[in-house]
Amino acid sequence: MKKVFVMTIAAALVMGCILQSCRPNKKGPSVDENAAQKAYVAPGQYDEFYDFVSGGFSGQVAVYGIPSGRLLKVIPVFSQNGENGYGYNENTKAMLETSFGFVPWDDSHHVQLSLTDAMYDGRWAFINANNTPRVARIDLKTFQTTEIIELPNSAGNHASPFVTCNTEYLVAGTRFSVPADYDNGDVSIAEYKDKFRGHISYVKIEKETGDMSLDFQLALPPFNYDLSHSGKNASSDWSFFTCYNSEAAHTLLEINSAKNDKDYILAVNWKKAAEHAAKGDCKVVTAKYAHNKFDEKTGMSKSEILDRVKVIETREVNDFLYFIPCPKSPHGCDVDPTGEYIVGNGKLATNIPVFSFTKIQKAIEEKAFDGQVDGINVIKYEAALHGEVQAPGIGSLHTEFDAGGNAYTSFFVSSEIVKWNVKSLQIIDRIPTYYSIGHLSVMGGDTKKPYGKYVIAYNKITKDRFLPTGPELCQAAQLYDISGDKMKLILEFPTIGEPHYAVACDAKLLRPNVKKFTTLAENNNPYKISSMAEARVERKGNRVDVYMGAIRSRLVPDNIEGIKIGDKVYIHVTNIEQEWDIPHGFAVKGNNNAEILVMPGETNTLKWIPNRVGIIPFYCTDFCSALHQEMQGYFRVSPAGSATPLKFSIDDKDVKDLK
Ligand code: K7E
Ligand code: CUA
């Protein structure tokens with residue numbers, strides 16, 4: 001029976017369609033009869049969980065309420081967001097700087113929440129940028145991106161950013177192996193095996209402030225480091241990575257990286273690695289990378305380019321890491337709540353291997369090795385193995401856990417979630433997803449005490465699930481009740497971008513700490529005004545600074561003359577309101593830029609380079625009051641070199657700038 005199954009996979013592989021999904025029968029499981037009740041959150045009531053969902057190719061993070069599936073917020077992280085000016089305004093532009101210059105977009109896959117003793121502590125969320133390798137930190141008081149650090153020597157920052165159990169480090173592995181930035185990268189791709197390396201970064205997190213710094217990197221064999229999770233409890237000092245392409249192929253990976261029966265899980269004792277780096281068992285190399293920080297006190301961001309990183313060459317220093325064979329082209333790498341079991345999800349495997357941390361330690365002690373790869377010991381498969389879940393499904397991707405010793409694995413090809421017992425490895429239940437599930441997430445499923453209750457499937461394909469919207473359809477999340485033995489489908493909702501990993505925490509953890517507004521006294525922005533009396537316009541050469549106030553229902557000053565072609569105009573809008581949820585927006589006709597959306601007590605700066613002579617109106621874009629439509633004004637733009645004097649009006653009086 002098993003042989004037939006293996007042959008089916010082989011045959012499918014030959015036909016080149018293994019990674020395409022089969023769609024389950026549309027009839028599928030019936031929706032749970034109490035679904036409406038279970039997912040219903042009455043108007044005015046709060047959801048039980050905040051769910052932070054990666055936006056994939058949108059580059060952002062979406063926040064949903066669970067169980068209702070309400071979209072609460074999109075947090076812009078790696079992509080410009082015209083809606084509020086993130087990445088467009090002068091305050092946040094620097095957040096998207098990299099060693100390549102300004103990069104306005106990225107692809108973000110994995111969200112993590114900061115941990116204390118392997119439990120969410122409600123302080124920060126972290127997310128990776130795949131394309132131009134970066135990791136970001138989001139402040140969970142403001143739900144804003146406050147820091148982004150670039151990762152040199154990397155490409156396709158996919159095994160990222162996985163948090164160690166007390167948020168000591170964010171771990172970030174490169175999916176593409178590439179020549180290191182510190183080597184001459186102008187090499188023939190045919191020299192892949194010699195010249196290409198895989199780098200894994202350890203980004204240190206400052207305990208009190210959350211500040212990120214690149215502490216050290218590991219230089220590794222040229223495989224594809226795909227996913228990771230950190231240990232818990234006894235395995236706290238370890239991080240685990242799946243890697244595929246142990247063939248070190250560099251062309252037609254679909255075939256050439258699927259030859260080996262087993263690839264690897266890499267187990268790294270990060271504490272020992274950090275000690276090596278601190279002791280100097282590494283080289284300090286030159287590699288350019290950006291470090292961008294948003295200062296919540298001034299509301300401004302800064303970017304600096306750093307140029308040094310410590311690299312531990314694992315060909316030479318390798319007493320802290322081990323390869324463990326893992327069948328076949330593994331993707332997800334998940335650690336159960338006890339920290340004892342490590343699950344590899346082989347995309348082409350016919351089983352799910354579960355490794356035991358205790359056995360791994362014993363194997364290391366007894367040197368139960370099966371040779372080396374590039375100087376790194378390979379632990380014998382059987383010596384590390386707890387056991388295998390047999391014939392669970394096709395195309396396993398990711399596994400999450402509940403508090404009752406159960407695991408939930410997503411299967412992309414057979415489009416289902418399979419529930420199994422971690423210890424006994426017995427399958428308990430399976431349920432179809434619609435369609436082609438990628439990640440899945442149990443509430444609190446990556447902590448040492450999951451909340452359980454629900455698992456959410458994040459699906460790639462929604463053909464015939466929703467009203468059609470042309471060639472491009474949304475991706476979707478499906479919510480399953482897992483409180484009983486059987487999983488039950490209770491809700492389905494579209495997501496932004498392409499959701500990959502997501503994490504959900506108890507709303508009570510964040511709700512009391514959420515910031516409502518900035519007081520004008522604590523606003524340290526250099527361009528703020530504290531009252532309309534300070535509103536003004538200043539010119540220095542061809543730079544014009546407009547210090548503007550916004551309050552229901554006026555923008556002050558409202559008539560500004562004496563702007564000329566060739567000027568650069570910076571409009572600093574301070575929202576004078578001191579009340580929660582009264583933003584004002586600001587936009588200028590014809591500006592080759594976005595709007596700004598200014599929260600109460602904050603100052604945002606919009607740059608405008610006028611390129612047409614005439615009268616250019618501006619207005620508030622957020623319907624803030626009954627007289628919102630009255631929040632407007634005019635710029636008069638005159639030709640370059642014209643003699644039009646600079647003047648502006650406050651309360652109907654023209655005020656001339658005497659300077
Ligand atoms: Cu499986 Cu990028 Cu985590 Cu998506 S990855 S599915
Ligand atoms: Cu302020 Cu509309």
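All heavy atoms count here, side chains included; hydrogens, waters and symmetry mates do not. For ligands, and for the atoms within them, numbers begin at 1 and follow the listed sequence.
- A donor-acceptor pair shorter than 3.5 Å can be found between the side chains of Gln478 and Glu492.
- At the shortest separation from atom 6 (S) of ligand 1 among protein heavy atoms lies Lys460 NZ, 3.4 Å.
- Judged purely by distance below 3.5 Å, without hydrogens or angles, the side chains of Thr98 and Thr132 never pair a donor atom with an acceptor atom.
- Near atom 1 (Cu) of ligand 1, less than 2.8 Å away, sit the protein N, O or S atoms His331 NE2, His398 NE2.
- Side chain to side chain, Ser58 and Gln60 fail the donor-acceptor criterion of an N or O pair below 3.5 Å.
- Those atoms of ligand 1 with a heavy atom of His158 less than 4.0 angstrom away are 2 (Cu), 3 (Cu), 5 (S).
- Residues forming a ring pair (Phe, Tyr, Trp, His ring centres under 6.0 Å) with Phe162 (at least two apart in sequence, or on another chain): His110, His229.
- By the ring pair (Phe, Tyr, Trp, His ring centres under 6.0 Å) test, Tyr547 is found to be paired with His572, residues two or more places apart in sequence or in another chain being considered.
- Summarising the geometry, atom CG belonging to Leu606 is positioned 9.0 Å from atom CD belonging to Glu595; distances are rounded to the nearest 0.5 Å.
- Within the coordination shell of atom 2 (Cu) of ligand 1, defined by N, O or S atoms under 2.8 Å, His110 is absent.
- With sequence neighbours excluded, the residues satisfying ring pair (Phe, Tyr, Trp, His ring centres under 6.0 Å) with Tyr341 are His386.
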